[in-house]
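Within every chain, numbering begins at 1; the chains are lettered A, B, ... in the order of the sequence lines, protein sequences first and strands thereafter.
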There are 2 protein chains.
Amino acid sequence: MGIVRKTKSVQTLLTIFENTEVALSSANLVKELAHSMNKTTVYRILDRLESQGLLHSFQGFDGVKWYAKCQGCSKEHHNDRHPHFQCRDCGKTECLSADFNIPELSNHKVEYAQLLLTGQCAACAQL
Amino acid sequence: MGIVRKTKSVQTLLTIFENTEVALSSANLVKELAHSMNKTTVYRILDRLESQGLLHSFQGFDGVKWYAKCQGCSKEHHNDRHPHFQCRDCGKTECLSADFNIPELSNHKVEYAQLLLTGQCAACAQL
DNA sequence: TTGCTAATGCAACTTAGTTGCATTAAATTT
DNA sequence: AAATTTAATGCAACTAAGTTGCATTAGCAA
Ligand SMILES: [Mn+2]
Ligand SMILES: [Mn+2]
Ligand SMILES: [Zn+2]
Ligand SMILES: [Zn+2]
């Protein structure tokens with residue numbers, strides 16, 4: 001099952017994510033879309049798109065939630081096990097295609113892991 | 001340089017962290033200490049203890065800031081490069097002694113990494 | 001014991017996100 | 001092309017985490 005109702009607001013958000021390669025924070029989307037839709041709507045659509053396997057989310061260093069498009073995820077299964085990077089200079093936040101391994105823990109049952117990196121992005125590192 | 005002024009509030013917080021092996025969220029400390037000190041004071045002391053190398057912090061899945069004591073860090077250098085774990089059942093949040101490696105990124109300059117795990121803690125996994 | 005100023009308390013504010021409920025508008029049926 | 005159904009939205013009010021400015025207090029050293 002995909003999107004239940006393709007409303008104007010849903011389409012707006014889908015288009016935004018289709019046309020970007022970076023991650024976007026919910027807080028910032030709320031600001032940018034304030035003229036066209038209510039903030040509650042933004043939060044609810046992001047929620048919905050995530051549970052439908054079209055977007056995935058992660059917590060940033062700033063304590064706000066970031067979203068990025070999924071590749072090959074579904075309502076049933078998310079497989080976005082990749083690190084995320086936040087540039088300390090320009091704020092650019094991106095999904096990394098790199099892999100990472102979860103340490104072996106004898107006593108814990110690890111179900112989900114999130115690797116968050118910061119430093120300078122490709123562009124800022126060259127300045 | 002250690003603590004500048006060992007006030008009653010600072011001592012209270014130091015004692016709390018000395019007597020626990022887990023991480024504590026600032027939000028929760030504010031609640032627990034509401035009777036004895038102002039929330040602003042809690043946030044400011046946590047900040048100060050971190051910059052003095054006595055505590056380190058990380059962002060939880062819940063979007064709140066968590067603190068735990070350091071071992072062998074100083075005002076000049078923090079060396080708490082270890083994963084953190086949050087139990088999805090009991091909420092227990094802990095520092096893991098395990099090591100983890102940061103993926104090689106040709107274009108980015110990684111300065112700091114945070115690995116956050118969730119699942120079931122030792123106690124909850126056995127139930 | 002005095003004086004300096006780091007640290008605290010308080011009130012007001014900000015920012016991110018949530019909730020309940022009435023209304024609207026996709027999608028489906030007639 | 002209406003009428004119907006109900007998912008989705010808007011709005012207002014609220015919560016939770018954290019911050020800021022400023023007056024006051026209390027460590028601590030002289
Ligand atoms: Mn991603
Ligand atoms: Mn730790
Ligand atoms: Zn950058
Ligand atoms: Zn547990």
Could you check which of dA8(D), dG10(D), dT19(D) has an atom nearest any side-chain atom of Val4(A)? dA8(D)
In whole angstroms, the gap separating C1' of dG18(D) from OH of Tyr67(B) amounts to 10 Å
When the distance from OH of Tyr43(A) to P of dT15(C) is rounded to whole Å, what number comes out? 12 Å
Distance criterion of 3.5 Å, no angle test: do you see the side chain of Lys39(A) paired donor-to-acceptor with the base of dG17(C)? yes
Would the distance check show the side chain of Ser26(B) and the main-chain N or O of Lys65(B) forming a donor-acceptor pair, the cut-off being under 3.5 Å? yes
From CG of Leu33(B) across to C1' of dG9(C) the rounded distance in Å is 15 Å
Enter the distance from Arg48(B):CZ to Leu13(B):CG here, rounded to the nearest 0.5 Å. 9.5 Å
Mind calculating the distance between CG (Asp62(A)) and P (dA17(D)) to the nearest angstrom? 17 Å
Could you tell me the separation between the CD1 atom of Ile45(A) and the P atom of dA7(D), rounded to a whole number of Å? 15 Å
Options dT9(D), dG18(D), dA16(C), nucleotide nearest the side-chain atoms of Val10(A): dT9(D)
How many whole angstroms separate atom NZ of Lys65(B) from atom P of dA16(C)? 16 Å
Main chain of Glu32(B), side chain of His35(B): is a donor-acceptor contact present, judged purely on distance under 3.5 Å? yes
Any Lys31(A) side-chain nitrogen or oxygen under 4.0 Å from OP1 or OP2 of dA16(C): yes
Does atom CD (Glu104(B)) have a neighbourhood of more than 12 heavy atoms from anything else shown, all under 6.0 Å? no
Is a donor on one side and an acceptor on the other found under 3.5 Å between the side chain of Gln86(B) and the backbone of Phe61(B)? yes
With the side chain defined as heavy atoms from C-beta on, Arg44(B) is closest, among dG21(D), dT9(D), dA17(D), to dG21(D)
Which nucleotide sits closest to the side chain of Thr40(A): dG17(C), dT18(C), dA7(C)? dT18(C)
Heavy atoms only, 4.0 Å cut-off, all strands: where does Lys8(A) land among base, sugar-phosphate and nothing? nothing
Examine dA26(C): is either OP1 or OP2 under 4.0 Å from a nitrogen or oxygen in the side chain of Thr7(A)? Give yes or no. no
Gln59(B) has an atom CD; how far is it from atom P of dA16(C), in whole Å? 13 Å
Separation of dA17(D) atom P from Asn38(B) atom CG, nearest Å, is 15 Å
Among dA8(D), dA16(C), dC28(D), the one nearest Arg5(A) by side-chain distance: dA8(D)
